Amino acid sequence: MKQKRLVTIQDISCFGKCSITVALPVISAMGIECAIIPTAVLSTHTGGFTGYTFCDLTDEIPKIRDHWKSLDLRFDAIYTGYLGSKQQLELVGDFFDTFRTPDNMIFVDPVMADNGVLYGGFPQDFPKGMAALCSKADYIVPNLTEAAFMLGEEFHAPATYDESYIRGLLRRLRDLGCPNPIVTGVCYESSRQGVVAYLSERDEFVEYFSENIPVSYHGTGDVFSSSLCGALTKGFTMEKALKIAVDYTVASIRETVDDPDHFYGVKFENVIPQLLDSLR
Ligand code: PXL
């Protein structure tokens with residue numbers, strides 16, 4: 001069978017396990033060829049470290065795009081994560097326009113905020129630019145903060161909302177232009193956490209919940225998005241893909257919780273065998 005090919009566009013945080021250093025091993029382990037466009041090189045990620053270095057690679061993006069176009073390269077999936085500036089959002093939008101085909105898919109993780117707060121370094125109008133990028137995607141995976149900010153709405157903390165709020169939020173995200181929005185970090189009760197997708201063409205909601213482990217690690221969103229994007233690229237249904245990605249993310253967190261030295265990321269490597277089992 002023909003091997004699927006994906007390109008992921010996000011930064012390289014050299015130490016710390018997030019973005020490309022998660023996406024590349026996870027997607028490769030799933031049997032998908034994984035090309036990359038690094039948007040910046042940082043010595044570490046920005047969560048819990050100080051003094052990190054930052055080398056911007058924005059100018060490389062159109063050069064790589066033009067070279068790949070001249071080679072007539074094609075991708076079954078385009079997956080974007082952390083993007084550092086409004087200029088990068090525009091260049092990545094151009095990349096979508098150049099490499100979109102009738103049957104490939106575009107998956108945007110609008111990494112920019114959590115717990116009601118925009119990450120450091122992003123201007124207040126960044127969510128507006130990210131919403132424009134999301135309008136070009138087939139799938140988007142905002143957490144509840146990112147969803148609210150892209151819609152210009154107030155953030156609702158966990159357990160202060162109900163199913164009708166989540167469904168309304170998903171319909172409003174669809175109205176931005178993405179037919180299959182998926183919201184993450186949904187918590188109706190403190191013991192359970194999960195994700196809810198809206199498949200607007202079928203007017204159907206699909207959800208998957210697991211235990212809520214009350215810890216927070218940098219990079220878990222990237223573990224979830226990489227495995228979800230990989231599962232969808234391989235052709236799994238949304239029902240099955242959500243289960244694959246949530247179970248893998250929860251297993252990665254469970255591997256890590258007893259180790260106080262591992263504050264910077266999750267041990268997703270140890271549970272790759274479990275991920276591969278779930279694909280059978
Ligand atoms: O995990 C998302 C991510 C990726 N890359 C960098 C980040 C973050 C989240 O803060 O800072 C550099």
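Quick caveat: nothing in here was measured; it's all calculated off a predicted structure.
Among residues two or more places apart in sequence or in another chain, the ring pair (Phe, Tyr, Trp, His ring centres under 6.0 Å) test is passed with Phe75 by Trp68, Phe99. In this structure Tyr161 satisfies the ring pair (Phe, Tyr, Trp, His ring centres under 6.0 Å) test together with Tyr165, sequence neighbours excluded. For Lys2, the salt bridge (Lys or Arg N to Asp or Glu O under 4.0 Å) test picks out no residue, with sequence neighbours left out. Scanning for ring pair (Phe, Tyr, Trp, His ring centres under 6.0 Å) contacts around Phe155 gives an empty result, with sequence neighbours left out. The salt bridge (Lys or Arg N to Asp or Glu O under 4.0 Å) test applied to Asp261 returns no partner, not counting sequence neighbours. With sequence neighbours left out, the salt bridge (Lys or Arg N to Asp or Glu O under 4.0 Å) criterion links Arg192 to no other residue. Applying the salt bridge (Lys or Arg N to Asp or Glu O under 4.0 Å) test to Lys4 and every residue at least two apart in sequence or in another chain returns nothing. Every residue two or more places apart in sequence or in another chain that forms a ring pair (Phe, Tyr, Trp, His ring centres under 6.0 Å) with Tyr198 is listed here: Phe205.
Between Glu153 and Arg172 the shortest side-chain heavy-atom distance falls below 4.5 Å. The side-chain heavy atoms of Val223 and Lys17, taken from C-beta on, include no pair separated by under 4.5 Å. Taking 4.5 Å as the limit, some side-chain heavy atom of Leu83 sits within range of a side-chain heavy atom of Leu133.
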Contacts table for residues 106-131: side-chain donor-acceptor under 3.5 angstrom, sequence neighbours left out:
residue: Asp109; atom: OD2; partner: Ser225; partner atom: OG; Å: 2.7
residue: Asp114; atom: OD1; partner: Asn143; partner atom: ND2; Å: 3.4
residue: Asp125; atom: OD1; partner: Lys86; partner atom: NZ; Å: 3.2
residue: Asp125; atom: OD2; partner: Lys86; partner atom: NZ; Å: 2.8

For residues 273-280, dump all side-chain donor-acceptor pairs below 3.5 Å to protein atoms at least two apart in sequence or in another chain.
residue: Asp277; atom: OD1; partner: Arg280; partner atom: NH2; Å: 2.8
residue: Ser278; atom: OG; partner: Leu275; partner atom: O; Å: 2.6

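Other members of the hydrophobic cluster containing Phe54, listed by chain and number, are Leu42, Tyr52; membership follows side-chain contacts under 4.5 Å among ILVMFWY residues, whether direct or relayed.
Legend: side-chain hydrogen bond (donor to acceptor under 3.5 Å, both in side chains) pairs involving residues 226-242, not counting sequence neighbours, sorted by first then second residue: Tyr79-Ser226.
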